[in-house]
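Here the structure comes first, spelled out in structure tokens, and everything after it is commentary.
In this text, all values refer to a predicted model and were calculated from it rather than measured experimentally.
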Amino acid sequence: MFAGVSLAAASALAGCPDGMREFRGAISEITAQKLFVDSRLDDNIGFERAPQTTIVDAAGKGRAKWAQLRAGDSVVICWRFEDRPRKAVTITLR
């Protein structure tokens, strides 16, 4: 039973849905329509805000809106690889 619980927890924390890419890092810059995220590998990638962009506050910081995000926030961005320019579908604060 313990293994089943561990697998369920792992899949819940796996990140983005099938067909989407995941990018982890800290917000380095944010505007009303775009944010930039620095990864631990020094990649600085920009993501545009889309009408369907969802903010998930997994860190319990009380921030569930784009305007509440701040530079330095640790995030996981889910996006579709084929989107040009990149659009943030889900932003999870961690």
Between Arg86 and Asp83, is a side chain to side chain contact (heavy atoms under 4.5 Å, CB included) present by the stated rule, with each step listed? CA-CA 5 Å; Arg86 292 178 198 93; Asp83 282 349; 5.5 Å; no
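Summarising the geometry of Gln33 relative to Trp66, their closest heavy-atom pair is C-CZ2, 4.0 Å, with the distance given to 0.1 Å. Residues Arg63 and Gln68 approach most closely at CD-O, 2.8 Å, considering heavy atoms. Closest approach of Ser28 and Ala71 over heavy atoms only: O-CB, 4.0 Å.
In this structure, the side chains of Thr31 and Lys34 come closer than 4.5 Å at one or more pairs of heavy atoms. Counting heavy atoms from C-beta on, the side chains of Val37 and Asn44 never come closer than 4.5 Å. Looking at Lys87 and Thr53, their side chains never come closer than 4.5 Å, going by heavy atoms from C-beta outward. Taking 4.5 Å as the limit, every side-chain heavy atom of Val89 sits out of range of all side-chain heavy atoms of Thr54.
In Arg40, the CZ atom is not crowded: 12 or fewer heavy atoms of neighbouring residues, nucleotides or ligands sit closer than 6.0 Å. By the 6.0 Å contact criterion, CG on Asp43 is enclosed, its count of non-hydrogen atoms from other residues, nucleotides or ligands being greater than 12. The number of heavy-atom neighbours closer than 6.0 Å to CZ of Arg21, taken from other residues, nucleotides and ligands shown, is 12 or below.
Under the 4.5 Å side-chain heavy-atom criterion for Ile, Leu, Val, Met, Phe, Trp and Tyr, Ile45 and Ile91 are members of the same hydrophobic cluster. Cluster annotation: Ile30 and Phe23 are assigned to the same hydrophobic cluster (Ile/Leu/Val/Met/Phe/Trp/Tyr, side-chain heavy-atom contacts under 4.5 Å, transitive). Both Ile55 and Leu35 are members of a single hydrophobic cluster when ILVMFWY side chains are connected at heavy-atom separations under 4.5 Å.
With respect to Asp73 and Lys61, a salt bridge is recorded, a charged nitrogen being found less than 4.0 Å from a carboxylate O. The pair Arg24-Glu22 meets the salt-bridge criterion, since a charged nitrogen lies less than 4.0 angstrom from a carboxylate oxygen.
Across Val56, Val75, Ile77, a single residue satisfies side-chain contact (heavy atoms from CB on, under 4.5 Å) together with Thr90, and that is Val56.
Rounding to the nearest 0.5 Å places CD1 of Ile27 at 10.5 Å from CG of Asp38.
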